[in-house]
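Order of listing sets the numbers, starting from 1, for every ligand and every atom in it. Please read these numbers as outputs of a predicted model, since none were measured by experiment.
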Amino acid sequence: MEFPFDVDALLPERITVLDQHLRPPARRPGTTTPARVDLQQQIMTIVDELGKASAKAQHLPAPITSASRMQSNRHVIYVLKDTSARPAGKGAIIGFLKVGYKKLFVLDDREAHNEVEPLCILDFYIHESVQRHGHGQELFHYMLQKERVEPHQLAIDRPSPKLLKFLNKHYNLETTVPQVNNFVIFEGFFAHQHRPPAPSLRATRHSRAAAADPTPAAPARKLPPKRAEGDIKPYSSSDREFLKVAVEPPWPLNRAPRRATPPAHPPPRSSSLGNSPDRGPLRPFVPEQELLRSLRLCPPHPTARLLLATDPGGSPAQRRRTSSLPRSDESRY
Ligand SMILES: CC(=O)SCCNC(=O)CCNC(=O)[C@H](O)C(C)(C)COP(=O)(O)OP(=O)(O)OC[C@H]1O[C@@H](n2cnc3c(N)ncnc32)[C@H](O)[C@@H]1OP(=O)(O)O
């Protein structure tokens, strides 16, 4: 991906690590230094454009990576530059990998809930023209070293089929532990104690270039105490959840139309994957709070008033029925 400014001078190293501050890395000695604010604007442009390209590649309705989302989350983005483009001019960007720690409730192989905070793969993109050239692996490998995690310790936010193949090929990750949320974890996830965030995610003060960053040892982070089964909601917030809200028409238009016939290409489902890697069009969705708010704001229809007046017991009973729905079903509508 090319930009109208000098990417090569902006990102001196082949891989640049950016945190929520999106600070431009130190420039090579001898290069002219434009105003800091201009450099940051350039960094933001790169992140925005990479996010858009990734969304397009994944057929998402909106980018899940952008400068503004980076600034409001403690995520880290690894940006890979094309060093071969250097002599030609302004350089180019090959792709990026976005990771972040998230608190998740995950099921183990005995279907017990566990509260964990693994490093999650949130977004990953290599430019179409250079996919299957080993760049994805280069970036992924660099990230694993930097964050000091093993591949089986990761949770993946709705992996695409390409990413599943990638993980299988390069890291032998194949058998998943079924989940009821959007994250995919692999066999071996529970085999080792999770290690803490590496400094690239903990010390998020500075964007750092690849070469000049020896990674010091990190202290262990305690996992939260295991909760009683009843306290745990069997879902966890995916970074992609906001996409469902973004495409949401107002109630009651948000009800999914009933299909007379099954879809020609049903989303891939396998017993080992649960429903996580479904990357088809996102279903219309109203978060519970959103729905309650709109119901509160909405004056009752005259017929509803009449029904309420004549059937005082109906409403609470209905409420009870609704709230006893399993969470996963509730969130579909
Ligand atoms: C949580 C998430 O981020 S999910 C979203 C993941 N991103 C995408 O799906 C966007 C589109 N895809 C891409 O950007 C890239 O293909 C990536 C990031 C998945 C992988 O990067 P690449 O540079 O292509 O990977 P790399 O060259 O290191 O490894 C190649 C392997 O990845 C897998 N792979 C990559 N592209 C494809 C493809 N089109 N079809 C099938 N498998 C593929 C294969 O296992 C491939 O090995 P093979 O060529 O021997 O079959």
Novice: Which atoms of ligand 1 have any heavy atom of Q137 under 4.0 Å away?
Specialist: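 Taking each heavy atom of Q137 in turn, ligand 1 has 28 (O) under 4.0 Å.
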
Novice: Are any of the N or O atoms of G134 closer than 3.5 Å to those of ligand 1?
Specialist: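 Yes, there is a polar N/O contact under 3.5 Å.
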
Novice: What class does the angle between the rings of Y171 and F140 fall in, given that below 30° is parallel, 30 to 60° is tilted and above 60° is perpendicular?
Specialist: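 Taking F140 first and then Y171, their aromatic rings sit tilted (interplane angle of 30° to 60°).
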
Novice: Less than 3.5 Å between some nitrogen or oxygen of L163 and one of ligand 1, yes or no?
Specialist: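 The answer is no, given that L163 and ligand 1 share no N or O pair closer than 3.5 Å.
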
Novice: Quick check for you: to the nearest 0.5 Å, what is the distance between I94 atom CD1 and S129 atom OG?
Specialist: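 So the CD1 of I94 and the OG of S129 are separated by 8.5 Å.
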
Novice: Would you please say whether a donor-acceptor pair under 3.5 Å links the side chains of Q131 and K162?
Specialist: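 Looking only at side-chain atoms, K162 and Q131 do form a donor-acceptor pair, the distance falling under 3.5 Å.
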
Novice: Using 4.0 Å as the upper bound for N to carboxylate O, is an ion pair formed by K90 and D8?
Specialist: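 No.
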
Novice: Considering distance alone, does some N or O of H133 sit under 3.5 Å from an N or O of ligand 1?
Specialist: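 It does: an N or O of H133 is found under 3.5 Å from an N or O of ligand 1.
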
Novice: Using a strict cut-off of 4.0 Å, indicate which atoms of ligand 1 neighbour a heavy atom of Q131.
Specialist: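 This gives 11 (C), 12 (N), 13 (C), 14 (O), 15 (C), 16 (O), 24 (O) as the contact atoms.
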
Novice: Considering distance alone, does some N or O of I156 sit under 3.5 Å from an N or O of ligand 1?
Specialist: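 No, I156 has no N/O under 3.5 Å of an N/O on ligand 1.
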
Novice: Using a 3.5 Å cut-off on N or O atoms only, is S160 in polar contact with ligand 1?
Specialist: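 There is such a contact, yes.
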
Novice: Donor-acceptor check, side chain of E117 to backbone of Y101, threshold 3.5 angstrom: yes or no?
Specialist: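 Checked: no pair found.
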
Novice: Can you name the atoms of ligand 1, numbered from 1 with element, that are less than 4.0 Å from a heavy atom of K169?
Specialist: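 Atoms satisfying the 4.0 Å criterion: 45 (O), 47 (O), 48 (P), 50 (O).
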
Novice: Parallel, tilted or perpendicular, judged at 30° and 60°: which one describes the rings of H133 and H135?
Specialist: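 Parallel: the ring planes of H133 and H135 meet at under 30°.
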
Novice: Of the side chain and backbone of I126, name the one, both, or neither that has a heavy atom under 4.0 Å from an atom of ligand 1.
Specialist: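 Looking at I126 and ligand 1, atoms from backbone and side chain both fall under 4.0 Å.
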
Novice: Please state whether H170 comes within less than 4.0 angstrom of ligand 1, counting heavy atoms only.
Specialist: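 Yes.
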
Novice: Taking 4.0 angstrom as the limit and counting only heavy atoms of D123, give me the atoms of ligand 1 inside it, by number and element.
Specialist: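 Those atoms are 3 (O).
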
Novice: Considering only heavy atoms of K165, which atoms of ligand 1 have at least one such atom less than 4.0 Å away?
Specialist: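 Numbered from 1, ligand 1 contributes 41 (C), 42 (N), 45 (O).
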
Novice: Numbering the atoms of ligand 1 from 1, which are under 4.0 Å from a heavy atom of Y125?
Specialist: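 In order of number, 14 (O).
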
Novice: Treating Ile, Leu, Val, Met, Phe, Trp and Tyr as nodes and any side-chain heavy-atom pair under 4.5 angstrom as an edge, say whether F183 and F189 lie in one connected cluster.
Specialist: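 They do share one cluster, since a chain of ILVMFWY contacts under 4.5 Å joins F183 to F189.
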
Novice: Is there a donor-acceptor contact under 3.5 Å from the side chain of Q58 to the main chain of P63?
Specialist: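 No.
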
Novice: Check whether the side chains of T65 and D123 place a donor and an acceptor atom closer than 3.5 Å, and report yes or no.
Specialist: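 Yes, side-chain donor-acceptor contact under 3.5 Å.
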
Novice: Establish, from distance only, whether the side-chain atoms of E49 and T45 form a donor-acceptor pair under 3.5 Å.
Specialist: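 No pair is found: no donor N or O on one side chain lies under 3.5 Å from an acceptor on the other.
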
Novice: Can you tell which of H135, R132, H59 gets a heavy atom nearest to atom 34 (N) of ligand 1?
Specialist: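 Going through H135, R132, H59 one by one, R132 has the nearest heavy atom to atom 34 (N) of ligand 1.
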
Novice: Under 4.0 Å from a heavy atom of I121: which atoms of ligand 1 are those, numbered in the order shown and with their elements?
Specialist: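 In order of number, 1 (C).
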
Novice: With heavy atoms of D157 as the reference, note each atom of ligand 1 found under 4.0 Å away.
Specialist: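 Answer for ligand 1: 1 (C).
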
